[in-house]
Amino acid sequence: GLPDSETLKAYAAHCNERKLAAKAVQDGSSHAYLCAYLRATPTVASGIVRAAGSKYLRVFIPAFGCEARVPVEGLRHVRATRGPGADAVTLAFEPTATAEDLRLASDPDAARDARKRAMKVSRGARGPYLNASEAEHAALRDAEAAAASRNGEGFDVEDVFACGAPPRRLPTTIRPVERVCLLLGATFPPRAKPEMTAALLLRNPLAEA
């Protein structure tokens with residue numbers, strides 16, 4: 001005959017547990033593959049701001065169907081303050097380096113001590129985007145070239161990556177629902193789950209001076 005109601009409940013609970021476990025494994029595998037891809041291929045994408053604070057932005061990334069935290073506190077050469085209004089954050093340029101520091105940092109013939117100091121204070125300010133490494137700048141140049149090739153004469157000189165959100169120029173105020181330009185990557189901490197990283201792309205005023 002049919003099992004009693006308690007046995008059926010136990011069967012149903014077991015099936016639900018297995019289904020949830022299988023989904024968790026599938027989601028974890030998809031996330032790991034995405035992180036592996038982003039670590040090997042840093043990618044520019046636009047994100048829609050869901051919340052803006054003085055420490056980080058919470059952003060939805062339509063291209064990947066996921067959310068990310070984007071840090072704005074502690075960025076070199078950038079000051080983040082709340083406002084105007086309770087739901088906005090304003091980023092301002094606060095450099096620790098000058099154009100002369102950049103020149104010395106890139107001059108192999110400069111005095112050793114002067115160049116060492118210049119390289120220290122200009123860290124994060126060398127290149128067209130603030131706080132991007134040399135490898136990231138190389139990936140960004142490739143992304144710009146690919147976007148220009150795809151768009152031809154219709155290329156938007158501000159939206160250089162053709163992602164729907166140009167890199168921000170400082171100072172800038174960011175509010176919920178606005179789009180921001182992000183550089184996505186990933187880290188693989190030891191004995192921990194891989195993590196997707198998202199950095200706000202900000203134009204370097206020193207490079208444009």
Side-chain angles (χ1 to χ4, degrees), residues 38-39 41-47 49 52-59 68-84 88-148 156-161 163 165-175 178-187 189 195-209:
L38 292 175
R39 182 173 66 172
T41 313
T43 300
V44 177
S46 69
V49 178
S54 57
K55 293 185 178 181
Y56 63 86
L57 310 175
R58 193 162 68 245
V59 175
R69 281 190 176 189
V70 183
V72 294
E73 182 184 54
L75 298 179
R76 294 185 186 90
H77 316 291
V78 179
R79 183 180 74 253
T81 55
R82 291 298 296 266
V89 61
T90 295
L91 306 181
F93 187 48
E94 197 170 70
T96 61
T98 65
E100 177 63 12
D101 290 324
L102 295 182
R103 187 192 67 78
L104 286 172
S106 61
D107 183 2
D109 297 324
R112 181 179 177 181
D113 289 346
R115 189 183 184 203
K116 184 177 179 180
R117 177 201 164 277
M119 291 184 72
K120 182 178 179 180
V121 299
S122 64
R123 187 180 175 191
R126 298 194 292 270
Y129 300 99
L130 289 174
N131 298 307
S133 66
E134 290 185 9
E136 288 170 338
H137 271 116
L140 291 169
R141 285 192 296 272
D142 290 344
E144 284 189 27
D156 184 341
V157 294
E158 286 297 315
D159 186 8
V160 292
F161 301 108
C163 69
R168 296 271 177 152
R169 297 180 187 275
L170 299 176
T172 185
T173 297
I174 301 172
R175 296 180 174 84
E178 292 183 352
R179 283 185 176 262
V180 290
C181 186
L182 304 171
L183 178 62
L184 306 180
T187 60
E195 299 176 357
M196 184 176 75
T197 61
L200 190 63
L201 281 178
L202 300 170
R203 293 280 192 180
N204 181 3
L206 292 176
E208 296 181 328

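- No donor-acceptor pair under 3.5 Å is formed between the side chain of Arg169 and the backbone N or O of Pro205.
- Side-chain contact between His77 and Thr96: present, with at least one pair of heavy atoms (C-beta onward) separated by less than 4.5 Å.
- Once rounded to the nearest 0.5 Å, the distance linking CG of Leu104 with CE of Met119 reads 11.0 Å.
- Residues Arg203 and Leu170 fail the side-chain proximity criterion, which asks for heavy atoms closer than 4.5 Å.
- For the side chain to side chain contact (heavy atoms under 4.5 Å, CB included) with Val160, the qualifying choice from Pro166, Pro167, Cys181 is Pro167, the only one to do so.
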Derivation of the side-chain contact (heavy atoms from CB on, under 4.5 Å) call for Val72 and Val78: CA-CA 8 Å; Val72 294; Val78 179; over 6 Å; no

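- The backbone N or O of Glu136 sits less than 3.5 Å from a side-chain atom of Ser133, completing a donor-acceptor pair.
- Within the 3.5 Å criterion, the main-chain N or O of Ala105 finds no donor-acceptor partner in the side chain of Asp101.
- In this structure, the separation between CE on Met196 and CG on Leu182 is 8.5 Å, given to the nearest 0.5 Å.
- For the atom pair CG of Leu140 and OG1 of Thr43, the computed distance is 10.0 Å after rounding to the nearest 0.5 Å.
- Residues Val70 and Val180 have side chains not in contact (no heavy-atom distance under 4.5 Å, counting atoms from C-beta outward).
- Around the CZ atom of Arg179, the shell of radius 6.0 Å holds more than 12 heavy atoms that belong to other residues, nucleotides or ligands.
- A distance of 10.0 Å separates CD in Glu178 from CG in Leu57, rounded to the nearest 0.5 Å.
- A distance-only check finds no donor-acceptor pair linking the side chain of Arg82 to the backbone of Val89 [under 3.5 Å].
- The minimum heavy-atom distance linking Leu206 with Ala125 is given by the pair CD1-CB, 4.2 Å.
- Ion pairing between a basic and an acidic side chain is recognised when a charged N comes within 4.0 Å of a carboxylate O; Arg103 and Glu100 show such pairing.
- For Asp142, the side chain to side chain contact (heavy atoms under 4.5 Å, CB included) test picks out no residue, with sequence neighbours left out.
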Tell me, with the steps shown, if Leu202 and Asn131 meet side-chain contact (heavy atoms from CB on, under 4.5 Å). CA-CA 8 Å; Leu202 300 170; Asn131 298 307; 5.7 Å; no

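- Between Leu200 and Leu91, the closest side-chain pair of non-hydrogen atoms falls below 4.5 Å.
- Two residues are said to be in side-chain contact when any heavy atoms from C-beta on lie closer than 4.5 Å; Glu134 and Arg126 fail this criterion.
- Shown here is Tyr56, whose OH atom has no more than 12 heavy atoms of other residues, nucleotides or ligands within 6.0 Å.
- In this structure, Thr90 contributes its side chain and Thr81 its backbone to no donor-acceptor pair below 3.5 Å.
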Salt bridge (Lys or Arg N to Asp or Glu O under 4.0 Å), that's the test. Do Arg69 and Glu195 meet it? Break it down for me. CA-CA 11 Å; Arg69 281 190 176 189; Glu195 299 176 357; over 6 Å; no

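- No side-chain heavy atom of Ser54 sits under 4.5 Å from any side-chain heavy atom of Glu73.
- Contact of the Phe161 side chain with the Leu201 side chain is registered, since non-hydrogen atoms from C-beta on lie closer than 4.5 Å.
- Minimum interatomic distance between Ala97 and Val121 (heavy atoms only, all atoms of both residues): CB-O, 3.4 Å.
- Contact check for Arg175 versus Pro84: side-chain heavy atoms found under the 4.5 Å cut-off.
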